[in-house]
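Just below is one structure, and these are the notes that go with it.
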Amino acid sequence: MITAQNENPHKNPMIKQGSNHVEKPMEWPNEDQILSLPFGLIGFPKMNEIEIVYSKEELPFLRMRQVKSEDKLEFLILEPYGLFPDYKVEISAEDIERLEIKSEKDVYLLNIVTVSSTDSQNTKITVNLVAPIVFNKKTLAGKQVIITNYKEYSSSHLLFSGHPDTKEEPRTSKEG
Amino acid sequence: MLVLSRKLKEAIIIGDGDEKIIIYVVKIERDKVKLAIDAPVEVPVHRKEVFDSIKASNHQAAIGSTRGALPKAVLNAARKMNKRE
């Protein structure tokens with residue numbers, strides 16, 4: 001069993017940054033490192049080579065980008081560490097074999113974020129806790145894994161719902 | 001679609017080369033069948049309804065090729081989430 005209770009999740013973060021210089025949010029991967037997803041993502045089998053980037057204003061969201069491809073798919077992702085301290089992931093022996101995971105210390109988890117509504121009055125953002133992308137830090141390879149304890153979590157766990165604009169943009173009148 | 005009848009402890013083999021998939025009927029009770037699947041490591045096996053829901057979730061999550069700025073509502077939500085930590 002692998003938990004999101006990483007001892008030092010942000011101790012030595014190394015990741016390519018976007019527009020702003022900030023303390024790097026991730027302990028891994030290294031800057032400019034291209035990571036492989038030999039199996040792609042579920043439904044996106046050709047999402048095989050990726051990089052993870054972020055910019056300060058988008059945190060805690062990171063972006064996972066397809067590289068070396070014409071398609072250039074992109075996903076919002078996040079580190080479960082810190083956000084879901086009780087998140088416990090059970091990975092099948094087959095997936096552990098596929099990822100050549102020898103130690104829990106080599107595992108790094110990322111979860112895919114879905115923005116299902118950007119209505120300024122009711123923004124809805126969810127995160128997939130059923131199928132994290134599990135990386136082996138030693139091999140730089142990862143796989144989207146359907147966890148064996150999938151019944152304990154939701155593929156659309158509510159992360160944010162409501163009115164994100166209230167403080168930043170006070171409105172004097174309602175639209176429509 | 002090929003349809004086969006199998007009894008308890010019988011199996012089917014998919015593929016006839018080195019990379020065979022073997023599916024055994026391990027247990028039958030009422031409306032439930034327990035299967036054991038022996039597949040090559042490069043062939044992931046999933047429960048279809050779980051696989052379908054993850055596939056749908058991934059398709060909804062994909063941002064596509066624009067690489068543009070996030071919607072302002074999402075940036076504001078991110079800011080609020082950061083404050084909460």
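Here is the naming used below: chain letters follow the sequence lines, and residue numbers restart at 1 for every chain. As a basis for the values below, the full set of heavy atoms in this structure was taken, side chains included, without hydrogen atoms, waters or symmetry mates.
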Check your understanding: Are the side chains of Gln60(B) and Ser156(A) in touch, meaning some heavy atoms are under 4.5 Å apart?
Key -> no

Revision key, fill the gap. Smallest heavy-atom separation, Glu58(A) atom then Leu75(B) atom, equals CG-CD2, 3.6 Å

Review point. Transitively linked via ILVMFWY side-chain contacts under 4.5 Å: Ile22(B) with Val25(B)?
Key: no

Point to revise | Leu2(B) with Ile21(B), same ILVMFWY side-chain cluster at under 4.5 Å | key: yes

**Study point:** Nearest-0.5 Å distance, CD1 of residue Ile42(A) to NE2 of residue His59(B)
**Key:** 10.5 Å

**Study point:** Shortest non-hydrogen separation from Asn128(A) to Ser57(B) and the atoms involved
**Key:** ND2-OG, 3.8 Å

Exercise for review: Starting at CG of Asn58(B), measure out to OG of Ser155(A) and round the result to the nearest 0.5 Å.
Suggested key: 9.5 Å

Study note, to complete from the structure: To the nearest 0.5 Å, atom CG of Leu76(A) lies from atom CG of Leu70(B) at 5.0 Å

Study note, to complete from the structure: Honestly, the part of Ser116(A) sitting under 4.5 Å from a heavy atom of chain B is both

Exercise for review: Can you measure from CZ (Arg47(B)) to OH (Tyr150(A)) and round to the nearest 0.5 angstrom?
Suggested key: 3.5 Å

**Study point:** Shortest non-hydrogen separation from Lys143(A) to Pro44(B) and the atoms involved
**Key:** CE-CG, 4.2 Å

Practice item. Kindly determine whether Val41(B) and Glu94(A) satisfy side-chain contact (heavy atoms from CB on, under 4.5 Å), including the steps that lead there. Key: CA-CA 7 Å; Val41(B) 73; Glu94(A) 291 77 15; 5.6 Å; no

Revision key, fill the gap. d(Leu41(A) CG, Lys55(B) NZ) to nearest 0.5 Å is 12.5 Å

Check your understanding: Are side-chain heavy atoms of Phe61(A) and Val74(B) found at a separation under 4.5 Å?
Key -> yes

Review point. Are Leu35(B) and Leu4(B) co-members of a hydrophobic cluster defined by side-chain heavy atoms under 4.5 Å apart?
Key: yes

Check your understanding: In the single-linkage hydrophobic clustering (I, L, V, M, F, W, Y; side-chain heavy atoms under 4.5 Å), do Phe84(A) and Leu158(A) co-cluster?
Key -> no

Review point. Which region of Phe44(A), side chain (C-beta onward) or backbone (N, CA, C, O), has a non-hydrogen atom less than 4.5 Å from a non-hydrogen atom of chain B, or is it both or neither?
Key: side chain

Study note, to complete from the structure: One should read off an interatomic distance between Lys56(A) NZ and Arg79(B) CZ, to the nearest 0.5 angstrom, of 11.0 Å

Revision key, fill the gap. Here the pair of heavy atoms bringing Ala61(B) nearest to Val113(A) is CB-O, 3.4 Å

Practice item. Measure distances from His46(B) to the heavy atoms of chain A and classify the residue's part below 4.5 Å as side chain, backbone, both or neither. Key: side chain

Practice item. Examine Phe39(A) and Val145(A) and state if one hydrophobic cluster contains both, with Ile, Leu, Val, Met, Phe, Trp and Tyr joined whenever side-chain heavy atoms are less than 4.5 Å apart. Key: no

